[in-house]
Amino acid sequence: MNCYIITGSSRGLGAAITAGLFSNDSLIHSISRHRNKEIIKEAECAGAVLHWHETDLNNSSILESLLEGIFDTLDQKKLDGIYLVNNAAVLQPIKPIDRSDSEQIVQNINVNLVAPILLSSLFIKLTADWKMKKRIINISSGAGKKPHYGWSTYCSAKSGLDIFTRCVAIEQEERQYPVQIVSFTPGIIDTDMQSEIRSTNVNDFIERDAFIKYKDQGKLLPPDLVAGKVLNLLFEEEIIQGGIYDIREML
Ligand SMILES: NC(=O)c1ccc[n+]([C@@H]2O[C@H](COP(=O)([O-])OP(=O)(O)OC[C@H]3O[C@@H](n4cnc5c(N)ncnc54)[C@H](OP(=O)(O)O)[C@@H]3O)[C@@H](O)[C@H]2O)c1
């Protein structure tokens, strides 16, 4: 049996990844603020065990007890592998930084960077002497590599996630039972996050009309296709430790 801990399963890419994990050999722990009843039903039909933790990742102080609670329920002897997918994210504030709301800035960094770092830290700590396949996939963004007007907080968080991935990979080199960790840039996906971008005030995000065009021209990637690439990264035998994968090189 494999155990998957995944954030942001309720919709978008996270929902597609979660649905791709359903089998009678899967134990899934989903973390997001809202449940998705359809996914819960699908999991039941497929014979997967799915536990939903309705949790706000902005609330950093509860993440330690959340992960320890999950690990208390796991029986190491019954597992072939354990996986963490840090997928949940928020774009807001979409505004130049001097017009951004402080609370939204903190929330963005908490959800996009602090939560993945804390969950990875706990995952690595709690599985230190577990001899099995252990993998962390951090869902990053092209915005972590290229600056965008109005996205400074989001770009900073995603850039931070990439360098965090690379640092942890170096640390794991010397471990007896290392965790494999990679970052994945998923391209432009047809999810709520893109609708949010298209409905932004152009004065806050000057590239808005280009994103409206991407949608009109059918250039957005279907969540299922992108989820398939994440599943490959979870299951492929060989992956590049600390790799910064980009979907454009995987299509
Ligand atoms: N869409 C794109 O074009 C695109 C491009 C590049 C990178 N990405 C990255 O791909 C990943 C998935 O994006 P997406 O497009 O699927 O986004 P989405 O449709 O907006 O979904 C975001 C997910 O994150 C969860 N989430 C947001 N805030 C949360 C919080 N405070 N606590 C817990 N969960 C929270 C949401 O669940 P709840 O609302 O239920 O909490 C939801 O499941 C993200 O890391 C994003 O940065 C997306």
Side-chain angles (χ1 to χ4, degrees), residues 5-20 28-40 52-63 66-67 84-94 103-119 136-146 148 151 153-162 164-165 182-200 205 207-208 210-212 214-215 219-227 229-230 233 244-248:
I5 301 167
I6 170 159
T7 67
S9 289
S10 58
R11 53 198 159 88
L13 177 60
I17 299 168
T18 306
I28 303 167
H29 287 272
S30 286
I31 303 169
S32 61
R33 289 167 301 182
H34 311 95
R35 279 166 198 260
N36 179 324
K37 285 183 191 150
E38 237 169 75
I39 288 187
I40 293 172
W52 211 292
H53 306 269
E54 284 170 282
T55 303
D56 187 345
L57 292 169
N58 181 35
N59 194 351
S60 314
S61 63
I62 59 161
L63 298 185
L66 171 71
L67 220 68
L84 168 65
V85 183
N86 285 308
N87 162 77
V90 284
L91 253 180
Q92 298 293 345
I94 306 180
E103 203 176 311
Q104 281 194 338
I105 293 172
V106 172
Q107 186 173 343
N108 183 305
I109 300 295
N110 277 344
V111 175
N112 297 350
L113 187 59
V114 175
I117 290 179
L118 287 178
L119 294 176
I136 299 174
I137 315 280
N138 289 322
I139 306 299
S140 182
S141 169
K145 288 102 184 149
K146 175 176 174 272
H148 293 269
W151 286 4
T153 308
Y154 180 75
C155 289
S156 305
K158 292 297 190 182
S159 178
L161 197 54
D162 285 345
F164 170 73
T165 302
V182 298
S183 160
F184 170 70
T185 294
I188 304 177
I189 326 163
D190 202 357
T191 64
D192 291 353
M193 192 173 270
Q194 283 296 322
S195 335
E196 194 182 350
I197 293 169
R198 291 192 300 274
S199 61
T200 311
F205 180 54
E207 292 172 61
R208 185 201 63 186
F211 280 77
I212 292 174
Y214 296 149
K215 172 71 175 172
K219 288 192 174 160
L220 272 54
L221 298 170
D224 287 352
L225 182 151
V226 181
K229 304 296 172 191
V230 177
L233 285 175
I244 308 295
Y245 286 85
D246 190 321
I247 195 159
R248 286 172 304 182

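Indexing begins at 1, ligand by ligand and atom by atom, following the structure's order.
- In terms of N/O distances under 3.5 Å, ligand 1 is not approached by Ile31.
- Listed by number with element, the atoms of ligand 1 under 4.0 angstrom from any heavy atom of Val90 are 27 (C), 28 (N).
- Of the N or O atoms in Leu57, one or more lie within a sub-3.5 Å distance of an N or O in ligand 1.
- Interface atoms of ligand 1 facing Asp56, defined by a heavy-atom separation under 4.0 Å, are 30 (C), 31 (N), 32 (N).
- In this comparison of Gly187, Ser10, Ala16, Ala89, the heavy atom closest to atom 22 (C) of ligand 1 sits on Ala89.
- For ligand 1 and Asp192, the ligand atoms under 4.0 Å from any heavy atom of the residue are 19 (O).
- In this structure, Gln92 and Glu196 have side chains that are in contact, with non-hydrogen atoms separated by less than 4.5 Å.
- Selection from Gln194, Gln92, Met193 by nearest heavy atom to atom 13 (O) of ligand 1 gives Met193.
- Ring geometry for Trp151 versus His148: interplanar angle of 30 to 60°, hence tilted.
- Here Lys158 has side-chain heavy atoms under 4.0 Å from ligand 1, and that is the only part of it that gets that close.
- Counting only distance, with no hydrogens or angles, the side chain of Asn87 and the backbone of Ile139 share no donor-acceptor pair below 3.5 Å.
- Ser60 places none of its side-chain heavy atoms less than 4.5 Å from the side chain of Asn58.
- Using 4.0 Å as the threshold, Asn36 has no heavy atom nearer than that to any atom of ligand 1.
- For ligand 1, the atoms lying closer than 4.0 Å to a non-hydrogen atom of Ser32 are 33 (C), 34 (N), 37 (O), 40 (O), 41 (O).
- Here the shortest heavy-atom pairing between Tyr154 and Val90 reads CD1-O, 3.3 Å.
- When heavy-atom distances to ligand 1 are checked against a 4.0 Å cut-off, Ala115 has no atom that comes that close, whether in backbone or side chain.
- Side chains of Asn86 and Ile137 form no contact here, defined as non-hydrogen atoms less than 4.5 Å apart.
- Close approach of ligand 1 to Val111 is summarised as follows: ligand atoms under 4.0 Å from at least one heavy atom of the residue are 31 (N).
- Protein heavy atom in closest approach to atom 45 (O) of ligand 1: Asn87 O, 2.7 Å.
- Residue Lys219 qualifies as open at atom NZ: its count of foreign heavy atoms under 6.0 Å is 12 or below.
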**Message:** Run Ser32 and Trp52 through side-chain hydrogen bond (donor to acceptor under 3.5 Å, both in side chains) and show every step you take.
**Reply:** CA-CA 8 Å; Ser32 61; Trp52 211 292; 3.1 Å; yes
**Asn59 and Ser61: CA distance, side-chain angles, deciding distance, side-chain hydrogen bond (donor to acceptor under 3.5 Å, both in side chains) verdict** = CA-CA 6 Å; Asn59 194 351; Ser61 63; 3.1 Å; yes
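- Residue Leu13 touches ligand 1 through backbone and side chain together, judged by heavy-atom distances below 4.0 Å.
- Under a 4.0 Å criterion applied to the non-hydrogen atoms of Gly12, ligand 1 contributes the atoms 16 (O), 19 (O).
- By the criterion of a heavy-atom distance under 4.0 Å, the backbone of Thr55, and not its side chain, is placed next to ligand 1.
- Between the side chain of Thr165 and the backbone N or O of Leu161 there is at least one donor-acceptor pair closer than 3.5 Å.
- Considering only heavy atoms from C-beta on, Asp162 comes within 4.5 Å of Lys145 through its side chain.
- Residue Ile188 has at least one heavy-atom neighbour below 4.0 Å for each of these atoms of ligand 1: 3 (O).
- Checking only distances, Gly8 does come within under 3.5 Å of ligand 1, N or O to N or O.
- With sequence neighbours left out, Glu54 forms a salt bridge (charged side-chain N to carboxylate O under 4.0 Å, His left out) with Arg35.
- One option in Pro186, Ala143, Ala88 has a heavy atom closer to atom 8 (N) of ligand 1 than any other, and that option is Pro186.
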